[in-house]
Amino acid sequence: MAGSPTARRRRLSIELKKLREKSALTCAQVGQALDWSGSKVNRMETGSGRVQPSDVDALCRFYGTSDELREFLKSLAREAKTRGWWQVHGAGVPEWFNIYIGLEQDASTLRQYQCEVLPGLMQTEAYARELHTTGAHMSAEDIDRAVRVRLERQEMLTRPDAPEAWFVVNEGAVRNVIGDREIMREQLERILETTELPSVTLQVLPFDSGTYPTTGSFTMLGFPAPEDPDLVYRDGITDAVYLEGEHHVREYTRAFDGLRAAALSPQRSARLVQSVVKEYSK
């Protein structure tokens, strides 16, 4: 069973939609049969609201599922109500990012392209704090919370079941000075340390790489259970987009493969980062 509350909620939504589609019914038809609105059924299938175990029980009895499946889905609904460790930090973590963290915690593969800043899972406290402070309308307390969450997220890379994480970063992100040269030197040293982890791969997309897939930063998450499809995550200043479905995943996989092909090898990438560290050490 998926581990985080977010992942449980997503799994529950997927299973409920599969049951309805197997019954060849619309959300409106199911809602009418149960004296609900069709929008309620839709919300349960999209994970846009909390689902009560009693509602899951009613749906399963309506669809005629086995007792085992009914109890399994009810347990997902109960456990989806629990709070993740990151949710105790309040405004330090916006709601739309809460969703991502929950999914990230359960991912078995993580593929990320960063074109402007270095990956959050590799950031030092000083680098992360500078990013949150510059241009952010957050209180000092919320900045502390946001930085703490970012650092705690990094622990996933050292777990025994750490996801296979592959990062491609633009050379501009390596050379762009965030804060000052000392912050950048420490940050790039952290990058080199993190790439020594067996589950982590880093490639740098150099300035002279030529033509490559043009796209903004994005992350692709894969999950261990075949019932949980891959998804693409893209964020902005005030919200985020979650893209699912074979078409989206296929096209972003193609883009990521193109970026990997255009980037330096992991070994040459490490040497480039080391050369920049030397520049900042002078």
Side-chain angles (χ1 to χ4, degrees), residues 1-15 47 72 75-76 78-89 92-93 97-114 117-128 145-169 186-204 217-233 235 242 244 249 252-253 256-257 260 263 265-267 269-270 273:
M1 183 185 300
S4 75
T6 308
R8 293 183 183 113
R9 190 177 304 117
R10 180 173 185 250
R11 176 70 179 280
L12 175 61
S13 299
I14 291 171
E15 295 298 330
F72 170 69
S75 69
L76 285 181
R78 284 192 294 270
E79 293 165 8
K81 294 181 179 182
T82 61
R83 303 184 72 194
W85 59 262
W86 58 93
Q87 292 177 301
V88 302
H89 294 286
V93 183
F97 195 56
N98 270 327
I99 298 172
Y100 172 78
I101 296 177
L103 295 171
E104 181 186 70
Q105 294 296 302
D106 267 52
S108 56
T109 62
L110 185 151
R111 289 167 285 176
Q112 185 176 93
Y113 171 59
Q114 286 288 353
V117 299
L118 296 168
L121 291 176
M122 296 180 168
Q123 292 175 8
T124 63
E125 179 177 352
Y127 185 95
R145 290 172 173 171
V147 172
R148 196 177 309 129
V149 168
R150 181 157 299 186
L151 298 179
E152 289 184 29
R153 283 172 53 213
Q154 297 173 2
E155 296 177 5
M156 65 184 288
L157 295 180
T158 58
R159 294 184 327 217
D161 62 341
E164 179 186 333
W166 198 301
F167 302 93
V168 176
V169 300
E186 293 178 352
Q187 174 58 70
L188 294 179
E189 288 176 345
R190 170 68 61 80
I191 291 287
L192 294 172
E193 292 173 3
T194 307
T195 56
E196 294 178 0
L197 296 172
S199 61
V200 176
T201 301
L202 173 78
Q203 290 181 265
V204 176
S217 301
F218 65 90
T219 302
M220 299 179 62
L221 298 178
F223 302 92
E227 298 86 358
D228 298 332
D230 293 0
L231 63 81
V232 179
Y233 169 81
D235 63 8
Y242 296 84
E244 299 182 82
V249 172
Y252 274 88
T253 298
F256 191 76
D257 288 343
R260 288 195 299 185
S265 68
Q267 294 76 21
S269 296
V273 174

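All values derive from a computational prediction rather than experimental measurement.
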By side-chain hydrogen bond (donor to acceptor under 3.5 Å, both in side chains) - contacts of [X] (at least two apart):
| X | value |
| --- | --- |
| R260 | D257 |
| S269 | none |
| R10 | E244 |
| E186 | none |

Would you give the length of the straight line joining atom [atom1] of [X] to atom [atom2] of [Y], rounded to the nearest 0.5 angstrom?
| X | Y | atom1 | atom2 | value |
| --- | --- | --- | --- | --- |
| Q154 | E152 | CD | CD | 10.0 Å |
| F167 | T195 | CZ | OG1 | 10.5 Å |
| E125 | R150 | CD | CZ | 12.0 Å |
| L221 | Q112 | CG | CD | 9.0 Å |
| T219 | Y113 | OG1 | OH | 12.5 Å |
| L157 | R159 | CG | CZ | 8.5 Å |

Would you please classify the geometry between the F256 ring and the F218 ring as parallel, tilted or perpendicular, with 30° and 60° separating the classes?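 Correct class here is perpendicular.
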Should [X] and [Y] count as side-chain neighbours, where that means a heavy-atom distance under 4.5 Å?
| X | Y | value |
| --- | --- | --- |
| Y252 | D230 | no |
| M122 | V169 | no |
| L110 | L121 | yes |
| V249 | L231 | no |

Contacts of L192 meeting side chain to side chain contact (heavy atoms under 4.5 Å, CB included) (sequence neighbours excluded), chain-then-number -> A270, V273, Q274, V277
A126: side chain to side chain contact (heavy atoms under 4.5 Å, CB included) partners, not counting sequence neighbours: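 If we apply the side chain to side chain contact (heavy atoms under 4.5 Å, CB included) test to A126, skipping adjacent residues, the hits are T124, I183.
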Can a side-chain donor-acceptor contact be found between E164 and T109 if the only test is distance below 3.5 angstrom? no
Test Y233 against L103 for side-chain contact (heavy atoms from CB on, under 4.5 Å), laying out the working first. CA-CA 10 Å; Y233 169 81; L103 295 171; over 6 Å; no
Set out, in order, the CA-CA distance, both residues' side-chain angles and the distance that settles side-chain contact (heavy atoms from CB on, under 4.5 Å) for Y127 and V117, then state yes or no. CA-CA 10 Å; Y127 185 95; V117 299; 3.7 Å; yes
Taking all non-hydrogen atoms of both residues into account, name the closest pair between [X] and [Y] and its distance.
| X | Y | answer |
| --- | --- | --- |
| S108 | P224 | OG-N, 3.3 Å |
| D106 | F223 | O-CD2, 3.8 Å |
| M156 | P163 | CE-CG, 3.4 Å |

Q123 side chain to L118 main-chain N or O, any donor-acceptor pair under 3.5 Å? yes
